[in-house]
Amino acid sequence: MSQTYHAGRHFLQIPGPTNVPDRVLRAIDRPTIDHRGPEFGRLGSELLANLRQIFQTAGPVVVYPASGTGAWEAALTNTLSPGDTVLMSRTGWFATLWNEMAVRLGLTPIFLDTDWRRGADPAAIGDALAADREHRIKAVCVVHNETSTGCTSRIDEVRAAIDAAKHPALLLVDTISSLASIDYRHDAWGVDVTVAGSQKGLMLPPGLSFNAISAKALAAAEGAKLPRSYWDWRPMLEANKTGYFPYTPGTNLLYGANEAVKMLLEEGLANVFARHDRHAEATRRAVRAWGLEIQCAEPRHYSSSLTAVRLPEGHSADALRAVILERYNMSLGNGLGPLKDRVFRIGHLGDFGDLQLLGTLGGVEMGLRAAGVPHRAGGVQAAMDYLAGNA
Ligand SMILES: *Cc1c(COP(=O)(O)O)cnc(C)c1O
């Protein structure tokens with residue numbers, strides 16, 4: 001099979017997996033060590049302590065050798081019992097997958113619908129909780145950043161709605177595409193389980209996932225009756241006390257995680273979030289200059305880690321992505337579920353700077369022209385103007 005040769009590097013601008021920085025690649029590129037030996041204990045202890053700063057929690061963070069989907073399962077099976085009612089918000093494709101998992105595990109979700117153009121509705125969550133006088137709802141599950149739509153839910157407002165309803169439900173939040181990109185506060189927002197993955201804002205290859213766990217969630221885990229074994233927090237937390245794991249961890253990915261966390265702390269989390277906000281705003285200015293529509297229709301919910309862009313009626317997002325991959329060696333995110341072929345997604349998260357963003361937007365603008373998608377030129381210029389004027 002012949003393939004076009006592309007000089008220069010591939011632009012991986014899907015909203016995860018993201019580009020892995022050289023420092024992280026070099027940290028991973030070392031011999032695997034004995035995961036029961038003293039050197040590993042030092043690595044594990046350092047990583048588990050530093051990770052807490054990334055989740056903005058004083059409580060434990062556990063690490064699984066699994067993709068983010070595994071950490072979803074861990075969050076549900078450690079805290080809930082068969083038949084429990086959970087309140088979920090259908091903000092997009094990932095919220096839908098989490099809901100399907102809950103059904104398969106024997107939970108009974110209430111699924112609050114949205115139009116996939118905004119985040120979760122705190123008022124609707126508050127109403128459902130207020131109506132639940134018998135406290136049948138055991139958990140509220142929200143996807144912080146819905147990667148299929150580019151809409152970020154306001155977890156602080158969801159927390160306030162739960163508190164206003166005086167409801168004891170746990171709050172479980174998926175931050176797989178927001179952690180270390182968009183401000184997120186496990187403790188301050190009273191989140192009980194935070195679910196995260198390695199391959200997006202954390203700038204690592206896929207293969208690790210995380211749960212940050214509140215004291216209330218730990219207490220719930222004592223009485224939870226869903227079957228759990230591999231995902232059980234208890235042996236994990238016991239081994240983690242000395243920096244170890246109950247089964248073989250992803251040793252080399254943990255070297256990388258330790259380095260990635262150091263990089264994020266060196267930059268400073270506030271600077272990391274501001275960098276993502278700025279790149280997201282520059283991207284939206286480019287999209288508007290092209291005359292295209294942003295999938296997220298609620299400016300308060302704009303995502304800082306990705307932008308989903310709608311194609312004009314009668315034009316194919318997948319054909320556009322294929323042209324951009326073929327001509328410019330750049331991968332963009334596809335539309336998921338009902339958004340298939342309707343939107344493309346620009347990932348602007350992780351290890352990413354101004355010039356990479358301009359290269360990305362340049363590839364999109366040339367691709368729009370090459371694919372014959374009606375648009376105006378000048379998106380890259382609009383982004384440059386914003387970046388240069390807001391250093
Ligand atoms: C990527 C993603 C997932 C799925 O994670 P995997 O690592 O593919 O299992 C779930 N939720 C959100 C919000 C995501 O962005």
Side-chain angles (χ1 to χ4, degrees), residues 12-20 55 62-77 86 88-102 104-105 109 111 114 116 118-120 140-155 158 171-184 186 191 193-212 230-231 250 253 256-257 260 276 280 295-296 301-308 331-337 339 343-350 352:
L12 180 66
Q13 296 315 135
I14 60 176
T18 65
N19 298 287
V20 180
F55 288 82
V62 298
V63 186
Y64 295 104
S67 86
T69 302
W72 268 349
E73 183 159 336
L76 298 176
T77 58
V86 292
M88 305 182 111
S89 184
R90 189 168 182 267
T91 48
W93 183 247
F94 290 101
T96 302
L97 294 180
W98 203 10
N99 169 270
E100 288 171 0
M101 173 187 277
R104 282 195 296 270
L105 289 172
F111 212 10
T114 77
W116 289 37
R118 63 206 72 244
V140 175
C141 302
V142 182
V143 173
H144 182 215
N145 186 68
E146 181 46 83
T147 322
S148 61
T149 65
C151 300
T152 306
S153 291
R154 296 292 304 249
I155 303 303
V158 172
L171 176 57
L172 314 185
V173 180
D174 169 347
T175 66
I176 295 175
S177 64
S178 55
L179 190 84
S181 303
I182 300 171
D183 193 8
Y184 180 78
H186 178 90
V191 179
V193 188
T194 297
V195 174
S198 55
Q199 75 273 27
K200 300 182 187 182
L202 285 175
M203 314 182 290
L204 291 159
L208 295 179
S209 58
F210 308 86
N211 278 173
Y230 184 80
W231 307 113
L253 283 174
H276 284 80
Q295 173 67 16
C296 185
H301 295 169
Y302 281 151
S303 168
S304 286
S305 55
L306 78 136
T307 302
S331 296
L332 296 168
N334 62 331
L336 294 167
L339 297 179
V343 305
F344 67 93
R345 297 173 297 142
I346 303 171
H348 35 71
L349 74 166
F352 201 56

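As the structure is a computational prediction, the values presented were derived from the model and not from experiment. Atoms within each ligand, like the ligands themselves, are counted from 1 in listed order.
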Using a heavy-atom cut-off of under 4.0 Å, does the side chain or the backbone of [X] touch ligand 1, or both, or neither?
X      : result
Trp98  : neither
Thr69  : both
Lys200 : side chain
Gln199 : side chain

Check whether Ser198 reaches the backbone of Pro205 with its side chain - one donor and one acceptor, N or O, closer than 3.5 Å. yes
Phe94 N/O under 3.5 Å from ligand 1 N/O: no
Could you tell me whether some N/O pair between Asn145 and ligand 1 is separated by less than 3.5 angstrom? no
At a 4.0 Å threshold, what atoms of ligand 1 neighbour a non-hydrogen atom of [X]?
X      : answer
Val143 : 13 (C)
Thr147 : 12 (C), 13 (C), 14 (C), 15 (O)
Trp72  : 10 (C), 11 (N)
Ser67  : 6 (P), 7 (O), 9 (O)

Could you tell me if the side chain of Gln13 sits less than 4.5 Å from the side chain of His348, heavy atoms only? no
4.5 Å side-chain heavy-atom contact, Thr147 and Leu336: no
Looking only at protein heavy atoms, what sits closest to atom 12 (C) of ligand 1 is Asp174 OD2, 3.4 Å
Run the side-chain hydrogen bond (donor to acceptor under 3.5 Å, both in side chains) check on Ser181 and Ser305 step by step: do they pass? CA-CA 6 Å; Ser181 303; Ser305 55; 5.3 Å; no
Which label fits Tyr64 and Trp231: parallel for a plane angle under 30°, tilted from 30 to 60°, or perpendicular past 60°? perpendicular
Measure the spacing between CG of Asp174 and CH2 of Trp98 and express it to the nearest 0.5 Å. 6.0 Å
Output the distance between atom CZ (Phe352) and atom CG (Leu12), rounded to the nearest 0.5 Å. 10.5 Å
Between Leu204 and Ala257 the two heavy atoms that sit nearest each other are CD2-N, 3.3 Å
